[in-house]
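Please read these numbers as outputs of a predicted model, since none were measured by experiment. Computed over heavy atoms, backbone and side chain alike; hydrogens, waters and symmetry mates excluded. Ligands are counted one by one from 1 in listed order, and the atoms in each one are counted from 1 as well.
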Amino acid sequence: MKLKHLEMTLQRLRGFSRPQAGLEQYQTPAPLAARLLYHAMMKGDIVGKRVCDLGCGTGVLAIGAALLGAASVTGIDIDKRALAVARENSALLDTDVTFLAADVQEGGCQERIGACDTVVMNPPFGAQKAHADRPFIDCALAVAGVTYSIFNIGSIAFVDAYIAQRAEITEKIGGSFPIRRTFAFHTRDVQEIEVEILRLKRIA
Ligand code: SAH
């Protein structure tokens, strides 16, 4: 599947019906999701791999990974309503994805989720709750050798220090995230947030 085709296909997916600010529920726009996934595929991290999506929301990354040929895909989110939309989205595109309700902050990721080869995720950036992204990084490093994650621009120094001896950043891909007016505290109709996609490789 070509990048443009993946992007157009992911465009068909439904987003959050009633997004919750506290959980930082922003669906990854199709162009950014497709870019992350396509890049991961070119690096050999998707086709035939066990892929996990932490904080999968309505499933765009998980479903995209399945479309690109992952061997199995598991999506995890704390919000059952988002997971219901994710299941509908997966059915719409006829993909085989397992969606599980779990709180990534609770720890015990390895036992609950099992091993994956690759994590793809767009976790909360920590705008509402400081350091909300840390349990996602911990969980990703616990379950997979390779992680692709979207972060706010300028996070690289923090991420690098946080993962310290556990993993290294092997790639940085720039992108932008148009956020539509969703919550009362948003002042513009659309705000472009600059982001960076980082590839983290666990140090064995
Ligand atoms: N990955 C999706 C959603 C991004 S929004 C996409 O790319 O479109 C962030 C997601 O993290 C939301 O769906 C939210 O419900 C989920 N989330 C927030 N805190 C969580 C937690 N502690 N455990 C699991 N999921 C959580």
Is there a path of hydrophobic side-chain contacts, each under 4.5 Å between heavy atoms of I, L, V, M, F, W or Y residues, that connects Ile63 with Ile150? yes
Among Glu24, Gln105, Arg81, Gln25, the residue with a heavy atom nearest to atom 9 (C) of ligand 1 is Glu24
Is Arg166 close enough and on-axis enough to Tyr162, meaning under 6.0 Å and within 45°, for cation-pi? yes
Joint cluster assignment, Tyr26 & Ile193, ILVMFWY side-chain distance < 4.5 Å: yes
For atom 2 (C) of ligand 1, the protein heavy atom that lies nearest, with its residue and separation: Cys56 O, 3.2 Å
Of the listed options Thr28, Val120, Leu83, closest to atom 7 (O) of ligand 1 (non-hydrogen atoms): Thr28
By the salt bridge (charged side-chain N to carboxylate O under 4.0 Å, His left out) test, which pairs, at least two apart or in different chains, include something from residues 87-98? Arg14-Glu88
Sequence neighbours excluded, every pair satisfying salt bridge (charged side-chain N to carboxylate O under 4.0 Å, His left out) that has a member inside residues 41-67: Lys43-Glu171, Asp45-Arg199, Arg50-Asp117
Give the atoms of ligand 1, by number and element, whose distance to some non-hydrogen atom of Phe16 is under 4.0 Å. 3 (C), 13 (O)
Which of the atoms of ligand 1 are close to Val60, meaning less than 4.0 Å from one of its heavy atoms? 6 (C), 7 (O), 8 (O)
Could you identify the single nearest non-hydrogen protein atom to atom 1 (N) of ligand 1 and state the distance to 0.1 Å? Gly55 O, 2.7 Å
Without hydrogens or angle criteria, can the side chains of Thr74 and Thr98 be said to hold a donor-acceptor pair below 3.5 Å? no
Look only at interatomic distance and state if Asp103 has a nitrogen or oxygen under 3.5 Å from any nitrogen or oxygen of ligand 1. yes
Are any side-chain N or O atoms of Asn152 and backbone N or O atoms of Phe125, one a donor and one an acceptor, separated by less than 3.5 Å? no
Between Asp53, Asp79, Val104, flag the one that comes closest to atom 23 (N) of ligand 1 by a heavy atom. Val104
Residues Lys201, Glu168: salt bridge by 4.0 Å N-O rule: no
Protein contact to atom 25 (N) of ligand 1 [nearest heavy atom, distance to 0.1 Å]: Ile78 N, 3.2 Å
Closest non-hydrogen protein atom to atom 20 (C) of ligand 1, residue and atom name please, with distance? Phe136 CZ, 3.5 Å
In terms of atom number and element, which parts of ligand 1 are under 4.0 angstrom from non-hydrogen atoms of Tyr26? 3 (C), 4 (C), 5 (S), 8 (O)
Answer yes or no: does an N/O atom from Thr58 fall short of 3.5 Å to an N/O atom of ligand 1? no
Are the side chain of His186 and the backbone N or O of Phe183 linked by a donor-acceptor pair below 3.5 Å? yes
Closest protein heavy atom (residue, atom, distance) for atom 15 (O) of ligand 1: Asp77 OD1, 2.7 Å
May I ask you to list the atoms of ligand 1 that are less than 4.0 angstrom from any heavy atom of Ala102? 23 (N), 24 (C)
